[in-house]
2 protein chains.
Amino acid sequence: MTRTAWAAPAKFVMSERSITEQLGDLQSAREGRGTRTRQALQEAALRMVEGDRSFSGLSLREVTREAGVVPTAFYRHYATMEELGLDLVAESFETLRRMIRSVRSEGLPTDRIITSSVELLVKHVHAHRRHFGFIARERYGGYASLREAIRREIRLFAAELSTDLARFPLLDRWATEDLQMLASLMVNAMVSIAEDILDAPQRPDAEADIIRRAEKQLVFMTLGIPAWRSQPPR
Amino acid sequence: MTRTAWAAPAKFVMSERSITEQLGDLQSAREGRGTRTRQALQEAALRMVEGDRSFSGLSLREVTREAGVVPTAFYRHYATMEELGLDLVAESFETLRRMIRSVRSEGLPTDRIITSSVELLVKHVHAHRRHFGFIARERYGGYASLREAIRREIRLFAAELSTDLARFPLLDRWATEDLQMLASLMVNAMVSIAEDILDAPQRPDAEADIIRRAEKQLVFMTLGIPAWRSQPPR
DNA sequence: TGTACATCAGTGAACGCGCGTTCACTGATGTAC
DNA sequence: TGTACATCAGTGAACGCGCGTTCACTGATGTAC
């Protein structure tokens, strides 16, 4: 089943429906049962991936069972599990993107920008454990198409970060390539922080160690910035 | 079947046997058929993981089929696929450890230490694609025990690197915690270089870009070193 | 507002298949004498 | 060196199970008049 473009809603019953349900409209032209089952499938898969299991290890029948629906109902929404997975990648990054967009418009206190960024990331990881866990698990996981999609999204973040960095004093005269180098270093660090937080035992002191190391690493990187230009970058 | 400690070989027919076969003795007390099948299973699994597939997606029967052996023969060597996987983790890191040990004893030219390190890593990734691919795929993959084993090995590398770093001027007075911070930053960077190399299309120019970015990142990190102490590390 | 109709999301039975695991076996390899 | 024996790695048949996918169906939802 291929996804159809969103035409015009036949009816507006917005007040009865949650925000996530409304977002579902972007994917399903019909309201009601159809959208609900589609979301039940997505949520079932995320719930099952929350523990130790990887998405590519889930069977179609397991997911439909968890979603409380008959296996054949799956095919009304996706042709394969891989398609469901791509939907979940998009959804996971959407929440992350929303967070970053709000930071970009509101800004963070510049004097404590590192502490605030790390804190925000950690808070977000906890608030969206299932999405982050799914992404971490599938980043090098089973389906090639999911891996590619995730890799693309992460590269996109690095690109966006490098334009943000360009606005800082000292960095505003850096070559694009050098900004990308720094951005990818920072994004990589953030990704491993997120993965460490996910895998860390839930004890708060283990987490505090991770946070402290992450802050140190970011501070350390900023120290390299003034020195970089004196060393001609090739 | 639990692995038995290596006692004394009943016979020495070394000349007939390859180095890898001899290494196999460390895992199997008996020579001959037994060891050969065990290795056939390991190599079959690595071969199958080389493409897009993840280890946790392999079935026991597939592996034995690829190894040219009947499914039940598997149980003479491993109780589960997970056990095979742990063997492969150990084997993969063993080759990497051997490389690093030789670097540590022979050393690299200090004036081009970054270039040489990156070059060596890239060479090693190409020479052991199957091992690196396996590790990358399973780092956040299916079996929790494999993930833990890999995580432990990577942490071990960071610990070893931080003692190596302590021998450098400027770094010799750093606090242990700060050295660990820097080491984990460098190991993370190296890990993502390896993963990028693996996933990069085999065109040499794409690879050249990755290498250049990696070198820049490492140079950038060294620039932060002299500045760090002036900023009291808490 | 009420009714007849079209759409299509979800159902339930059925299929053939590859899976992990069991079991009693076979026969090659190494040991004791 | 030669023979009888023990060990145990590898065999092959068989099992029950969950899987993905098919099909004709049912009945709720939304539309046209």
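To find a chain, count down the sequence lines: A is the first, B the second, and so on, and within it residues start at 1.
Here A/T72 lies in heavy-atom contact (under 4.0 Å) with a base.
For A/S59, a side-chain nitrogen or oxygen approaches OP1 or OP2 of D/dC19 to under 4.0 Å. Phosphate contact (OP1/OP2 of D/dA28, side-chain N/O of A/R36, threshold under 4.0 Å): absent.
Side chain of B/R65, nearest nucleotide from D/dT11, D/dA9, C/dG18: C/dG18. The side chain of B/E62 sits closest to C/dC19 out of C/dC19, C/dG20, D/dA9.
The pair B/E177-A/R213 fails the salt-bridge criterion, with no side-chain N (NZ, NE, NH1 or NH2) lying under 4.0 Å from an Asp/Glu carboxylate O. The existence of a salt bridge linking A/R47 and A/E66 is confirmed by a sub-4.0 Å separation between a basic side-chain nitrogen and an acidic carboxylate oxygen.
Annotation: salt bridge (charged side-chain N to carboxylate O under 4.0 Å, His left out) contacts of B/R129 (sequence neighbours excluded): none.
B/E94 and B/H131 share no side-chain donor-acceptor pair at under 3.5 Å. A/Y78 and A/Q42 form a side-chain donor-acceptor contact under 3.5 Å, judged by distance and modelled atom types alone.
If you take NE2 of A/H77 and P of C/dC8, they are 13 Å apart, rounded to a whole angstrom. For the pair B/F74 CZ and C/dC23 P, the interatomic distance rounds to 19 Å; values are reported in whole Å. Distance, B/M81 CE to C/dC19 C1': 12 Å, rounded to whole Å. Remark: C1' of D/dG20 and CG of A/L58 are 15 Å apart, rounded to the nearest angstrom. Distance B/L41 CG to C/dG20 P: 13 Å, rounded to the nearest Å. Protein atom CG of B/L60 is 13 Å distant from nucleotide atom C1' of C/dT22, rounded to whole Å. Rounded to an integer number of Å, the gap from OH of A/Y78 to C1' of D/dT21 is 19 Å. Put simply, CD on B/E82 is 15 Å from C1' on C/dG20, counting in whole angstrom units.
Taking the nucleotide of DNA chain C with the nearest heavy atom to each of B/T80 and A/V70, the more 5' of the two is matched to A/V70.
Contact of A/R76 with C/dT11 (side chain to base): no donor-acceptor pair of N or O atoms is detected under 3.5 Å. For B/R61 against C/dG18, no side-chain N or O and base N or O form a donor-acceptor pair under 3.5 Å.
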For DNA chain D, what is the dot-bracket line, given that a base pair needs Watson-Crick (N1 to N3, plus N6-O4 or O6-N4) or G-U wobble (N1-O2 and O6-N3) geometry with both distances under 3.5 Å, and | means paired with another strand? .||||||||||||||||||||||||||||||||

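Ring centers of A/H124 and A/F132: under 6.0 Å apart, within the cut-off. Proximity of the aromatic rings of B/F55 and B/F134 is defined here by a centroid distance below 6.0 angstrom, and this criterion is met.
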